[in-house]
Amino acid sequence: MRSSFMTPNSDSNPQSVLLDTVFLTIPTQSSLTSKQICSALLKNKGVVDVKMSSDQRTAVVAFIPSVVNGKQVMQMVPGVDLSISAPEVTPGTCESSSWSQASSVVLRLKVEGMTCHSCTSTIEGKIGKLQGIQRIKVSLDNQEAAVVYQPHLITAEEIKHQIEAAGFTASFKKQPKPLKLSAIDLERLRNTQTKGSETVLKEMSSTNDTKTVVFRIDGMHCSSCVLNIQSTISALPSVTSIVVSLEKKSAIINYNPNLTSIEVLRRAVEAVSPETFKVSLPEEYNVALLPTLMSTLKSPLPALKDASQPLTQVVVINIEGMTCNSCVQSIEGVISQKAGVKSIHVSLTNHNGAIEYDPLQTCPEDLRSAIEDMGFDASLPGNDPSPEVQLESHRTEPLSKVSPAHLVRQEAKTVSKCYVQVTGMTCASCVANIERNLRREDGIHSILVALMAGKAEVRYNPAVIHPSAIAELIRELGFGATVMENCGEGDGILELVVRGMTCASCVHKIESTLMKTNGVLYCSVALATNKAHIKYDPEIIGPRDVIQDLGFTTSLVKKDRSASHLDHKQEIRQWKRSFVVSLVFCIPVMGLMIYMMALHSSMVLEYQLLPGLSVMNFLSFLLCVPVQMFGGWHFYIQAYKAVKHKTANMDVLIVLATTIAFVYSLVVLLVAMAEKAKVNPVTFFDTPPMLFVFISLGRWLEHVAKGKTSEALARLISLQATEATIVTLGPDNVLLSEEQVDVELVQRGDIVKVIPGGKFPVDGRVIEGHSMVDESLITGEAMPVTKKPGNTVIAGSINQNGSLLISATHVGADTTLSQIVKLVEEAQTSKAPIQQFADKLSGYFVPCIVAVSVVTLFAWIIIGFVDFEIVEKYFLGYNKSISAAEVIIRFAFQASITVLCIACPCSLGLATPTAVMVGTGVGAQNGILIKGGEPLEMAHKVKVVVFDKTGTITHGTPEVTQVKFLVEGNQLPRNKMLAIVGTAESNSEHPLGTAITKYCKKELDAETLGTCTDFQVVPGCGISCKVTNIEGFLGWHGLAGGVPAHATRTSEKYSVLIGNREWMSRNGLVVKNEVDKAMMEHERRGRTAVLAAVDGVLCGLIAIADTVKPEAELAVCTLKSMGLEVVLMTGDNSKTARSIASQVGITKVFAEVLPSHKVAKVKQLQDEGKRVAMVGDGINDSPALAMANVGIAIGTGTDVAIEAADVVLIRDDLMDVVASIDLSRKTVKRIRINFVFALIYNLVGVPIAAGVFLPIGLVLQPWMGSAAMAASSVSVVLSSLLLKMYQKPSPEKLEFRARGQMRHKSPSEISVHIGIDETGTGSPKLSLMDRIINYSRASINSLFSDKRSVNSVVLSEPDKHSLLVGDFGDDDDTAL
């Protein structure tokens, strides 16, 4: 602080001398007393005054900088190491050159990892002591630090490094910016004012008296705050007296106006530790509240009339959502009250506000978020921290001249847009996180993130930032991000039906009108179909604007909004028809054949109608033709398409087999008729009908099954509304008009009205109205959700009781509902890796079978001509009248056709999808949503399961675990204490307070408790309040001990304190040793211990902890018995982590892991060659869930399709983790069985059909082959359907199985690693022999320990020998 001091000169002419003040911290182990230090300092030349603070720890030294500097002051007391506690630099001032060169720099850092106020104090204390740091303020809420430092003494990197050394993560938010000073300021700083002019001297000598100022001080909690302020401020040289009142929240200060100013005093009070006081002037002083650069220096130069003008900057903030002047007034009113804001001018027409502010006290981002908190959309312009206009002292422009509109117009020219694909988002908080952080960055105008599409739309200034840097910013937040090149999202497409066109000139008129419209990119109108196809840029123009000015009646081409493509109805109908047709004709054929086989020869059927044409062959031909034509129609089309694309599939084989059989039979028959043969030829007319029957049956069943699996999806699609009511609003949100339009015509930014009972047509933000909304079909949340202005709504949810006006944010394919549908569709079409292998196999399979068939044909022809007897022996229906050549050729054909018939790639193709579909369906019934085949297949390969702690292993909400009463029951009965404590905490919003109130209500079995007044909360310490009205309440509960004597004496008003040790000692209560020990024991077990005092007497110790879920231990034990390694990973401290791990039986723990490091840890495990499943509750674990081989999100039945996780457990039950891995193993096993079925038919059937086993009498007819083929497909489907019998493993059975293994782990068995470092607490490497000895000892010991556990000895007793042997795995995790 700088002040002026009067020293009488020899010529008794008063001369002004500048003073500097330095705060010195006296070390606790100092050998000298504070008085001795004071006198030692005062003996030195240049030291004018020394004052001590009340705690004797800080000395305030006033000195003459021209004689001595701060560094020398520090070294004045020999043997005592005095350090400077951050000298309070009043904003806008710069110390004289002894302290600094007039070049202070403001640095803003993002600091992550702070959890409470002690973290902020640690950082402020540590950094404040560094040389070159003038001022530091750390904000816990914003997770940021503002530092004023001198770059010639310390660098920004060094400051960042020092914060990181304290255990926090620091990063630069903005590059350091020098405090720009005008030439005049610099001149004034250099000028030490020793040769002051007459005017100054007169002024100085005339104002010798003191003045009084009254401050209002908010934030004082107890008498220690009062003492703190009084002692620190009274130590200032310029203050003559100070009186602080806690009740009136005021301070009356007598001061010398020559030495200081009101603003400097106000800042000095605010800077008193713990720097949480808010100091303001009563109204009449507000005029004087201009902070001064150096209030005492009235410059003699006429040009310096404005010298007291502070150094300020101006920012222009874009504000959307203002509707009238009351919005303007409310923004101006609220923002002008913020610390550091000098003036604000908001323009309704330009949608922006220009704010003049002090960069040391606030920053544009804080101002922007303050405006957002009022419910408006605020964004910073992209140009580097806005046009921060330096209002230099000698030419301060009035604010109105900086035209915000002009600035905004300038920017509009330079705004570009890009799309970024974002992965790893799990819920709305991820979206908010990305939007909030990116809006703070320079050069970003606006950002809109769509959760389900996994996409961010960013408008940015290309001069300041480019898309890859934006993606990098998102990646730094822990999400995956890639810039989407030429995103097709850019163009909107409209299909219109245009009525009333008569000739080509109408077409030309429409096309030319549209092409002239700004924003229309392409247009094509067809007169014949009355249709128009239009492409437009949705940024510039909306679909309604396109339609309006055509002069013809237009309507949208209606889209099919039903889920008809999903229910497979058409395919089911088609295959059913095909099956029935084939069956009708197949039954007579089979009947004829059986009849023939039974009688061997029947005169009736053998009778020739024409020479060479028997009754049997004629009937078979008649029955075969319709089947070949109608039953096989679909196969022919599919086969033709496949061949055309040079592929061969199942249909090609079937068509080959049936066509060859049919054509061959027909040719043989015609030849016989031509030859007028006496003996009837053998034909294969029976083959096609039978083949088609079995195949169409298989296909029909398959589509029925597929239809079942898509029901959920069809239900989702049917939620979409078809129409929307768009309204136009006037000033003050007055409804001017409303119209019904198709949902496709809603544009982003439209105001849509939704009546009670109506569906929300698009995603949006509520701007007016209150209602309850049923989102159950989309989020699974059964309870209706309250919606008020500012809340977001989801398309497809149902409005219940109030009318709402919403502003559309996502329309068309961008809505959440469309994205969910897309995700589910993709999950069902995604192929499991095994399936891809099967498809590949099928590709080679068909050509191979055709080749085998051809080889069989030629092989038998050759064999037949070489050795006719073999053929003669096995050819059914052989008789002498047929020539040998004919017999051989027929036999060869029969064998090759049978090969074609029996080979079946179809069952290979069905093996995986049917099992995956049934598996996912069964999972869904059991509350396990599995997204597609890949995670289902991957889960069985998992070797490591990583659990998050909070909300996964534990409930995630604190609960009271123990209450210890510290006074006798006759002094304060148990129920009475619970009633008092519960009432006191009922006003607290802290989770611990809520837990205490909940516990008290439960214990007292009451809905409401007493009345709480004078409630005060001190963050990081505790609460104090007065409690009344509990006697009446206690009257209902008969109390042991009745009402105590002292309660009747005092009226029933109790003064209550609840908090930690520090809070009790601050309020003058002594915490006894045994109580302290009990607290430490609780803390060692990872609980929070809270003390309660009533009327100045410590009466209770309450232990609160986040309790472990009851099923956690069994789940962990079962996973281990399945051969999986289980790891616990948490951001919590190592004590708590160790305690939780010992309760559930996990031996490997990673504590104090940041969310971003969770990803690294998962990656590290994967690099060791392990497949990892990550189980998390989805919010901070999302990046790790995305990185893991299988991400399992638990208990968040919130989003049907949580992006990052592969498996979503709807119920908050850890046993479902076991079930999901079990189901995966069962499904994969089933897939393998299916493959066996499919392959056995082929591997065994093909050689038999080819006649390899003829010598042992095995011969197949073509129809037998087709039956076997159909059987393989059907058996695969049936095998998959057996999965429907799947039952989740029951906890009772698992408990019975795990009875001997479940025991709490002793602390020695748990290896805890801090962060993601693998080494743990190392231990010396033992020789092999030592290991063997120790191992055998430990195993003998474990036998005993098992016996002990059966005999119910205390389980937490540490196993002494377990200290000897570590787990010498690959990671060398020693369990010490």
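The analysis underlying the following values was restricted to heavy atoms, covering all of them including side chains, and did not include hydrogens, waters or symmetry mates.
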Kindly indicate whether the side chain of [X], heavy atoms from C-beta on, has any atom under 4.5 Å from the side chain of [Y].
{"X": "I767", "Y": "P789", "result": "no"}
{"X": "E435", "Y": "L448", "result": "yes"}
{"X": "N518", "Y": "I541", "result": "no"}
{"X": "Q747", "Y": "V811", "result": "no"}
{"X": "V147", "Y": "R135", "result": "no"}
{"X": "D366", "Y": "E144", "result": "yes"}
{"X": "I470", "Y": "I447", "result": "no"}
{"X": "V111", "Y": "I163", "result": "yes"}

Query raised in the report: Quick check: does any side chain N or O of Q143 sit under 3.5 Å from a backbone N or O of M114, one acting as donor and the other as acceptor?
Result: yes

Report task. State whether the side chain of Q131 and the backbone N or O of L153 hold a donor-acceptor pair below 3.5 Å, judged by distance alone. Result -> no

Report task. Compute whether any side-chain donor of one residue and acceptor of the other, for S343 and E356, lie under 3.5 angstrom apart. Result -> yes

[X] and [Y]: which non-hydrogen atoms are nearest, and at how many Å?
{"X": "I317", "Y": "R368", "result": "CD1-N, 3.9 Å"}
{"X": "V415", "Y": "H445", "result": "CG2-NE2, 3.6 Å"}
{"X": "P467", "Y": "V483", "result": "O-CG2, 3.6 Å"}
{"X": "N142", "Y": "K110", "result": "O-NZ, 4.3 Å"}
{"X": "A156", "Y": "Y149", "result": "CB-OH, 3.6 Å"}
{"X": "S347", "Y": "M322", "result": "O-CE, 3.5 Å"}

Report summary line: Given the options V762, D763, V766, V793 meets side-chain contact (heavy atoms from CB on, under 4.5 Å) only with V766

Query raised in the report: When rounded to the nearest 0.5 angstrom, what distance separates CD1 in I127 from CD1 in I159?
Result: 7.5 Å

Query - Residues E270, R267; criterion salt bridge (Lys or Arg N to Asp or Glu O under 4.0 Å); working and verdict - result: CA-CA 5 Å; E270 284 192 339; R267 297 244 176 99; 5.6 Å; no

Query raised in the report: Yes or no on salt bridge (Lys or Arg N to Asp or Glu O under 4.0 Å) for R439 and E372, after CA distance, side-chain angles and deciding distance?
Result: CA-CA 11 Å; R439 282 196 191 119; E372 283 224 323; 3.7 Å; yes

